[in-house]
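Since the model is a prediction, treat every value here as computed from it, not as a measurement.
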Number of protein chains: 2
Amino acid sequence: MPYPAKTSREAILAAALTLLEGQDAPLTMRTLAATLGLQASSLYRHYADRETLEEAVAEEAARMLMSDITAASSGRPPHEALRVAGQQYLLFAHRHPRLYALIHQPRPPAAATPGTGKDLWNLLLGLIGAVTGRPDDTAAVVALWCFLHGYVGLESSGQFGLSGPGDAFERGLEALTRGL
Amino acid sequence: MPYPAKTSREAILAAALTLLEGQDAPLTMRTLAATLGLQASSLYRHYADRETLEEAVAEEAARMLMSDITAASSGRPPHEALRVAGQQYLLFAHRHPRLYALIHQPRPPAAATPGTGKDLWNLLLGLIGAVTGRPDDTAAVVALWCFLHGYVGLESSGQFGLSGPGDAFERGLEALTRGL
DNA sequence: GTCTATAGCAGGATAGAC
DNA sequence: GTCTATCCTGCTATAGAC
């Protein structure tokens, strides 16, 4: 009986985050355990299965994203805050592409973003409301989110090719904030 | 020696399309061969490997998408043509979610959409140019594409939840065509 | 709580007979 | 050109010893 346990829920979660911030290694029970100096089977004492673990990682990643956006946009005038929030969203996706993908991975309805999603949602609602003058304009938030998410997706799947996106990001963001 | 060959490149391609238009069955060499009444190993006479096959499918799917958009938008006044093109893009993604996903799957640089992508690109360039009055406004095309692609992605990953997207599609499309 | 060992599954791909 | 047979890899998850 090795007394101080070699790991814990938190340590596993942290290791999974680290693994997914790397470039290549897939998130499998084996590779994850290896980074902790463990055998894969040991992880099952802490998480029931791979999916449960993934949900925890996704939740934590969503928290990170929200924290980044909040920190960058708080205390700025409305229009600027919204622009900075958009840039920060993009930056997170660049820095942590696999965490970003995990956040947006389809999940069974029960686990559909319990609280974290709502927080980010309310933050954006406030930012947009301050710019357009319409509070609680959910359609505007969705439209903006679509644009950002699509930009990330097309970029990461290499659709922009050699010519790159040009100034589409600024143009689109500007057009949306003006047009909504 | 069964003389008339049981299959061909074209038949395999068609079967793969059909398979991916269904809901569940994954595109594996085994399942694909099964729909043709063949063994998996037989497919390798016609396609070098799975990836080569997938590229062919993706190309064909892109052709279908372009054909849909062209048919729906041609002969309409500019503003309406653009709106209809957007709707058709969304409709294709709804009807053929797995083909849509395949089109946007990251591929090694060599195979990056040889000709089909360009055609769709030029079509959209024309549509947008007719609305905004600026020909060859690539950034505008990219921005619109981001919005559409993002909408599809968020919808299919269930991010809109129970409340749904509201009228975000129309709002966003309108805001973009106006603001660009 | 961790270990070894193993069951079980799924998929890609090849060898060689016909 | 298709078949059977087989190999290989990589993964999830469990059983039971310690």
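Applying the side-chain hydrogen bond (donor to acceptor under 3.5 Å, both in side chains) test to residues at least two apart or on different chains, the pairs with a partner in residues 123-141 of chain A are A:Asp137-B:Arg171. Each side-chain hydrogen bond (donor to acceptor under 3.5 Å, both in side chains) pair with one or both residues in residues 141-152 of chain B, not counting sequence neighbours, appears once here: B:Tyr89-B:Trp145, B:Tyr100-B:His149.
Partners of A:Phe92 under the ring-ring contact (aromatic ring centres under 6.0 Å, His included) rule, at least two apart in sequence or in another chain, are A:His96. Residues meeting the salt bridge (charged side-chain N to carboxylate O under 4.0 Å, His left out) test with B:Arg98, sequence neighbours left out: none. With sequence neighbours left out, the side chain to side chain contact (heavy atoms under 4.5 Å, CB included) criterion links B:Glu60 to B:Leu17, B:Arg63, B:Met64. Remark: A:Phe147 pairs with no residue by the ring-ring contact (aromatic ring centres under 6.0 Å, His included) rule, at least two apart or across chains. Judged as a side chain to side chain contact (heavy atoms under 4.5 Å, CB included), and not counting sequence neighbours, B:Arg45 has no contacts.
Atom-to-atom distance recorded for B:Leu102:CG and B:Leu20:CG is 6.5 Å, nearest 0.5 angstrom.
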inquiry  = Please determine whether side chain to side chain contact (heavy atoms under 4.5 Å, CB included) holds for the pair B:Leu148 and B:Phe169, giving the CA-CA distance in whole Å, both sets of side-chain angles, and the decisive distance to 0.1 Å.
reply    = CA-CA 8 Å; B:Leu148 293 172; B:Phe169 183 71; 3.6 Å; yes
request  = Would you check, one step at a time, whether the test side chain to side chain contact (heavy atoms under 4.5 Å, CB included) holds for B:Thr31 with B:Thr28?
outcome  = CA-CA 5 Å; B:Thr31 60; B:Thr28 69; 3.0 Å; yes
List the atom pairs, with distances to 0.1 Å, where a side-chain N or O of residues 74-85 of chain A and a protein N or O form a donor-acceptor pair under 3.5 Å, not counting sequence neighbours.
| residue | atom | partner | partner atom | Å |
| --- | --- | --- | --- | --- |
| A:Ser74 | OG | A:Thr70 | O | 3.4 |
| A:Arg76 | NE | A:Ala72 | O | 2.9 |
| A:Arg76 | NH1 | A:Glu80 | OE2 | 2.5 |

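Near DNA chain C, meaning a heavy atom under 4.0 Å from it, residues 29-40 of chain A has A:Gly37, A:Leu38, A:Gln39 in order of number. Residues from residues 43-51 of chain B with heavy atoms under 4.0 angstrom of DNA chain D, sorted by number: B:Arg45, B:His46. Residues from residues 10-25 of chain B with heavy atoms under 4.0 angstrom of DNA chain C: there are none.
Of the candidate nucleotides D:dT2, C:dC3, C:dG11, C:dG11 has the atom lying nearest to any side-chain atom of B:Thr28.
DNA chain C contains the following stems of three or more consecutive Watson-Crick or G-U pairs, with both distances under 3.5 Å: C:1-18 with D:1-18.
Listed for the B:Ser42 side chain is no donor-acceptor partner under 3.5 Å among the backbone atoms of B:Leu38.
No single ILVMFWY cluster, assembled from side-chain heavy atoms under 4.5 Å apart, contains both A:Ile69 and A:Leu91.
Applying the 4.0 Å criterion to OP1 and OP2 of C:dG1, one finds that A:Ser42 has every side-chain N and O outside that range. Taking 4.0 angstrom as the limit, B:Ser41 places none of its side-chain polar atoms (N or O) nearer than this to OP1 or OP2 of D:dC3.
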